[in-house]
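One structure is given here, and the rest of the page talks about it.
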Amino acid sequence: MKLIKKQMIALILVIFISVPDIAVLDQYVTHEVGAVTFDEINHPDLFLKQVNGDLQCTLVAATMLVRRAAMLSGNAAWADITVDKVKSQAWVNGVGLKYTFTYEGITVNKASFGTDPVNEALMLLQQHPEGIVLYDQIRTPRSHAVLLTDYTGEMFYCADPSDAVPYGRIPISSGLVQVKDAEFYYYVSSPSMTALSPSAPEESINPSIDINTYSATLSQTSYYYDGTDKKPAVAMLGLSENVDYNVSYIGNRNPGSAAVIITGIGGYTGTIIKSFEISGVLTSDYLNDIITGITKQTIQKGKTAAIKVTLPDSLKLVQEYNSNVTGMYNEVKISYASSNKKIAVVNSKGKITGKKNGTTKISITAELGDGTKKVFTYKITVK
């Protein structure tokens with residue numbers, strides 16, 4: 001018996017000598033963390049408000065971020081994470097929230113948005129179910145930060161620490177910072193968070209398939225601005241829209257980057273984001289994309305040649321302009337003329353007929369509703 005006890009003591013000593021730091025031992029242990037549901041991470045008790053006028057919106061928003069990260073990490077004591085406690089690690093008096101800080105093993109970093117905060121925020125939310133902090137530093141009358149919680153039902157949601165807006169998870173439109181206006185964001189860089197589990201079990205007994213295993217293509221990836229919504233069609237081989245996936249659009253009217261959000265439904269989960277561009281152009285720029293051609297530039301007397309005009313998708317051929325239609329500058333008239341009708345004539349459909357020997361110029365005029373014109377000319381020889 002004494003020998004067995006000595007062996008056990010020796011084994012314990014070996015463990016403590018080999019692993020002097022309990023943190024080192026901890027990294028080899030797998031922690032079982034219970035799944036957190038969407039409703040749990042958005043419970044009203046989790047969100048916080050700043051004291052009116054304390055100018056610490058970034059700190060309060062970051063504290064809510066740390067709380068959600070702690071919950072996802074399995075920390076049942078997330079409610080003990082307070083603004084004052086996080087402030088001791090994250091705040092510099094007279095300066096503000098640190099660019100990086102760590103509280104209770106959760107590291108938060110600051111980063112800059114690129115040219116397209118909306119699409120970047122969508123992708124960040126896929127990687128960070130705990131959310132991100134949006135910071136509009138040049139906002140008028142003063143800078144402000146909110147916690148962006150999720151993108152659900154084609155809408156961003158946030159928790160705004162200002163006492164001037166409703167409490168809890170609210171649509172981003174009700175907050176004081178909009179995604180497109182944010183210059184910076186704070187995010188949890190460590191540890192990585194696991195995805196949320198559904199608030200209610202799904203009825204289907206079949207496992208869901210991640211829609212990202214399929215390839216999605218857009219019918220068009222560039223448009224000209226014309227004041228109307230741009231909605232490129234989505235094609236996914238083997239899948240059907242409104243059966244296997246839904247499609248929604250963000251920023252698809254004004255010039256700039258726009259996005260198509262493809263969300264799996266039915267037996268499919270996940271989200272695919274495809275980008276496309278809307279160019280802000282002058283009216284005359286539309287005319288530069290017109291392509292003209294002629295079948296023959298040398299014809300015999302009595303013979304014909306044909307003119308072909310190809311319009312870009314942004315222009316619509318009309319006989320008369322419709323002044324009641326928004327964006328009427330997309331309507332274009334095409335007319336033809338001969339500089340010498342004794343040599344050759346051209347009709348309203350672009351058919352050229354040789355009359356007698358000689359040379360003439362055939363002009364093709366494209367005119368928009370605002371009077372902007374572009375003329376294409378071809379030399380025709382009749383023999």
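Sequence positions, counted from 1, serve as the residue numbers for this chain. Only this structure's heavy atoms are used, side chains among them; waters, hydrogens and symmetry mates stay out.
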On a heavy-atom basis, which atom in [X] and which in [Y] lie closest, and how many Å separate them?
{"X": "P191", "Y": "G105", "value": "CD-O, 3.6 Å"}
{"X": "T359", "Y": "I343", "value": "N-CG2, 3.8 Å"}
{"X": "A121", "Y": "L148", "value": "CB-CD2, 4.0 Å"}
{"X": "A305", "Y": "K296", "value": "CB-O, 3.5 Å"}
{"X": "A111", "Y": "Y187", "value": "CB-CE2, 4.0 Å"}
{"X": "A70", "Y": "I106", "value": "N-CD1, 3.6 Å"}

Within a radius of less than 6.0 Å around [atom1] of [X], do more than 12 heavy atoms belonging to other residues, nucleotides or ligands occur?
{"X": "K355", "atom1": "NZ", "answer": "no"}
{"X": "Q300", "atom1": "CD", "answer": "no"}
{"X": "K231", "atom1": "NZ", "answer": "no"}

Using modelled atom types and a 3.5 Å cut-off, is there a donor and acceptor pairing between side-chain atoms of [X] and backbone atoms of [Y]?
{"X": "S339", "Y": "K361", "answer": "yes"}
{"X": "K98", "Y": "Q89", "answer": "yes"}
{"X": "Q297", "Y": "K379", "answer": "yes"}
{"X": "S190", "Y": "T107", "answer": "no"}
{"X": "R68", "Y": "T149", "answer": "yes"}
{"X": "K274", "Y": "A216", "answer": "yes"}
{"X": "T360", "Y": "A344", "answer": "no"}
{"X": "Q137", "Y": "E183", "answer": "no"}
{"X": "D210", "Y": "G270", "answer": "no"}

Same hydrophobic cluster for [X] and [Y], using side-chain heavy-atom links shorter than 4.5 Å among ILVMFWY?
{"X": "V345", "Y": "Y336", "result": "no"}
{"X": "V86", "Y": "L72", "result": "yes"}
{"X": "F113", "Y": "L176", "result": "no"}
{"X": "Y157", "Y": "M71", "result": "no"}
{"X": "I41", "Y": "I132", "result": "no"}

Do [X] and [Y] have side chains that approach each other closer than 4.5 Å (heavy atoms only, starting at C-beta)?
{"X": "I352", "Y": "I294", "answer": "yes"}
{"X": "Q220", "Y": "F276", "answer": "no"}
{"X": "Y249", "Y": "P232", "answer": "yes"}
{"X": "T82", "Y": "T63", "answer": "no"}
{"X": "W78", "Y": "D45", "answer": "yes"}
{"X": "F156", "Y": "L125", "answer": "yes"}
{"X": "C158", "Y": "L134", "answer": "no"}
{"X": "Q178", "Y": "I172", "answer": "yes"}

Rounded to the nearest 0.5 Å, what separates atom [atom1] in [X] from atom [atom2] in [Y]?
{"X": "H144", "Y": "T58", "atom1": "NE2", "atom2": "OG1", "answer": "10.0 Å"}
{"X": "E331", "Y": "L315", "atom1": "CD", "atom2": "CG", "answer": "10.5 Å"}
{"X": "S338", "Y": "N347", "atom1": "OG", "atom2": "CG", "answer": "12.0 Å"}
{"X": "I265", "Y": "E241", "atom1": "CD1", "atom2": "CD", "answer": "9.0 Å"}
{"X": "T295", "Y": "K308", "atom1": "OG1", "atom2": "NZ", "answer": "11.0 Å"}
{"X": "T271", "Y": "N212", "atom1": "OG1", "atom2": "CG", "answer": "7.5 Å"}

### Task
Apply side chain to side chain contact (heavy atoms under 4.5 Å, CB included) to the pair T304 and I299, showing each step before the final yes or no.
CA-CA 7 Å; T304 62; I299 59 176; over 6 Å; no
### Query
What do the steps show when you test I273 against I261 for side chain to side chain contact (heavy atoms under 4.5 Å, CB included), and what is the final call?
CA-CA 5 Å; I273 301 172; I261 314 299; 4.0 Å; yes
### Task
Compute both the distance and the angle, then confirm whether K333 meets the cation-pi test with Y321: under 6.0 Å from the six-membered ring centre, within 45 degrees of the axis.
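Yes, a cation-pi geometry holds between K333 and Y321.
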### Working for side chain to side chain contact (heavy atoms under 4.5 Å, CB included), residues Y245 and Y214
CA-CA 11 Å; Y245 62 89; Y214 290 81; over 6 Å; no
### Trace of the side chain to side chain donor-acceptor pair (under 3.5 Å) decision for Y378 with T292
CA-CA 10 Å; Y378 291 91; T292 62; 2.8 Å; yes
### Message
Less than 4.0 angstrom from a charged side-chain N to a carboxylate O is my criterion; do D80 and K85 meet it?
### Response
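Salt bridge between D80 and K85, a charged N being under 4.0 Å from a carboxylate O: no.
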### Query
Should the pair Y135 and Y186 be assigned to parallel (<30°), tilted (30 to 60°) or perpendicular (>60°) ring geometry?
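Judged by the thresholds at 30° and 60°, the geometry between Y135 and Y186 is tilted.
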### Query
Under 30°, 30 to 60°, or over 60°: which ring-plane class applies to Y167 and F47, parallel, tilted or perpendicular?
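The arrangement is perpendicular - the two ring planes meet at more than 60°.
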### Query
Hey, mind stepping through F376 and V309 against side chain to side chain contact (heavy atoms under 4.5 Å, CB included) and telling me if it holds?
CA-CA 10 Å; F376 307 82; V309 177; over 6 Å; no
#### Entry: Stepwise side chain to side chain donor-acceptor pair (under 3.5 Å) check, R67 with N75
CA-CA 9 Å; R67 280 186 159 198; N75 185 349; over 6 Å; no
### Pairs meeting criterion side-chain hydrogen bond (donor to acceptor under 3.5 Å, both in side chains) with involvement of residues 253-267, two or more places apart
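Those involving residues 253-267 are D229-R253, S257-E277.
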